[in-house]
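Numbers for residues simply follow the sequence, beginning at 1.
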Amino acid sequence: MSAVEICHLYISPGHNFVGHHGREPDEYSAIEVPMIECVAGRGIRGDRYFDFKGDYKGQITFFSLEVFDELCGALELHDCSPALVRRNVMTRDTDLNDLIGQDFEVQGVHFLGTQECAPCYWMDRAIAPGAEEFLKGRGGLRARILSDGELRSSATARHPERSEGPHLRSLRHAKRRV
C-alpha cells in the first residue's frame, strides 16, 4: 500500500455520532487538511480519536474513493464530499478489506489493519437513507498506528460546509430558523 494515492485527509475535533444514541448528533465538521500527524499507539494529532482509549482499533480510518463514488451513484447523490463518511484517509486503487490483519506502510508510516470500519445507522442520516446498507462489507478500514510520521494528501481542501450531508445541512439550517 506504499504507492497508494492519498486523495483526501480529514480530522474532526469532536464526535457527532459516537455516544449519541437516542439523541441528536453534534455538528463537528470533518475538516479536510493537507497533512496529518500520526502518533504511534495514540492516533492522529487533532482528531477526535486521539488518545481515545488504550490500544484502540481505530486510531486511523481509511476509505476507498471508488466505494464513495459508487455510493453516490447508487443513492443519486450529487456534489457530496467524501467527508460525509467521517473517515480519515481517502484512497484509490486499494482493496482495504485485504489489509485486515495485515501490517502495511503508507508514505513511510506503519499501520496494522484491525477490522472493517463497519457502517452504522447514523450513515443513513449523515449521508442519505440506504447508505448503511450499501456500505456493509465495504465501510473502510480501521487501523492502529505503529510508527510516528506524517501523511500528505494530493487534494485541495474543500469548504467545511460542503462536508455535511444533506440531512445535517438541513438540520443546521432548521435550527438557525428556530
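Here the shortest heavy-atom pairing between F63 and V67 reads CZ-CG1, 3.7 Å. Nearest heavy-atom pair, A30 versus S12, reported as atom, atom and distance to 0.1 Å: CA-CB, 4.2 Å. For C80 against C72, the heavy-atom pair with the smallest separation is CB-SG, 4.3 Å. Taking every heavy atom of both residues into account, T114 and L141 meet most closely at N-CD1, 4.4 Å. The two residues E150 and R152 make their nearest non-hydrogen contact at OE1-NH2, 2.7 Å. Between T94 and L99, the shortest heavy-atom distance links the atoms CG2-CD1, 4.1 Å.
Residues V39 and I145 are not in side-chain contact: their nearest non-hydrogen atoms beyond the backbone lie 4.5 Å or more apart. Using a 4.5 Å heavy-atom cutoff, the side chains of V33 and S153 are not in contact. Under the 4.5 Å side-chain criterion, counting only non-hydrogen atoms from C-beta, I44 is not in contact with F50. For the pair P82 and Y10, the minimum side-chain heavy-atom distance is below 4.5 Å. Looking at H8 and L65, their side chains come closer than 4.5 Å, going by heavy atoms from C-beta outward. Under the 4.5 Å side-chain criterion, counting only non-hydrogen atoms from C-beta, R138 is not in contact with L96. Looking at I60 and V89, their side chains come closer than 4.5 Å, going by heavy atoms from C-beta outward. In this structure the side chain of I6 reaches within 4.5 angstrom of the side chain of Q107, judged on heavy atoms.
In summary, the side chains of E5 and T91 do not present any donor paired with an acceptor at a separation below 3.5 Å, with no hydrogens or angles considered.
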Next item on the list: Please test F68 against V85 for side chain to side chain contact (heavy atoms under 4.5 Å, CB included), starting from the C-alpha separation and ending with a verdict.
Entry: CA-CA 8 Å; F68 183 75; V85 296; 4.2 Å; yes
Check: Going through the distances and angles, do F111 and C38 end up as a side chain to side chain contact (heavy atoms under 4.5 Å, CB included)?
Finding: CA-CA 10 Å; F111 304 95; C38 298; 4.2 Å; yes
Note to self: The test is side chain to side chain contact (heavy atoms under 4.5 Å, CB included); show your working for E116 and I100 and say whether it passes.
What the structure shows: CA-CA 7 Å; E116 179 195 356; I100 295 171; 4.3 Å; yes
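By the side chain to side chain contact (heavy atoms under 4.5 Å, CB included) test, D98 pairs with D95, sequence neighbours left out. Applying the side chain to side chain contact (heavy atoms under 4.5 Å, CB included) rule to D69 yields the partners R92; only residues at least two apart in sequence or on another chain are considered.
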Which donor-acceptor pairs under 3.5 Å do the side chains of residues 126-137 make with protein atoms, sequence neighbours left out?
from : atom 1 : to   : atom 2 : distance (Å)
E133 : OE1    : K136 : NZ     : 3.1

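With hydrogens and angles ignored, the 3.5 Å screen pairs no side-chain donor or acceptor of Q102 with any backbone N or O of L112. R87 places a side-chain N or O within donor-acceptor distance of the main-chain N or O of G139, the cut-off being under 3.5 Å. A donor-acceptor pair is defined here as one N or O able to donate and one able to accept, closer than 3.5 Å; no such pair exists between the side chain of E32 and the backbone of A83.
Here C120 contributes atom SG and R86 contributes atom CZ; the two are 11.0 Å apart, rounded to the nearest 0.5 Å. Rounding to the nearest 0.5 angstrom, the gap separating the CD1 atom in I31 from the CG atom in L9 is 13.0 Å. Atoms CG and CG, on D103 and L146 in that order, are 6.0 Å from each other to the nearest 0.5 Å. Note: Q115 CD to N97 CG = 11.5 Å, rounded to the nearest 0.5 Å. Of the inter-residue distances, the one linking I11 atom CD1 with R45 atom CZ reads 11.5 Å to the nearest 0.5 angstrom.
For F62 and F104, the distance between ring centers is under 6.0 angstrom.
Residue Y56 is tested with R42, R144, R142 for a side-chain contact (heavy atoms from CB on, under 4.5 Å); the sole match is R142.
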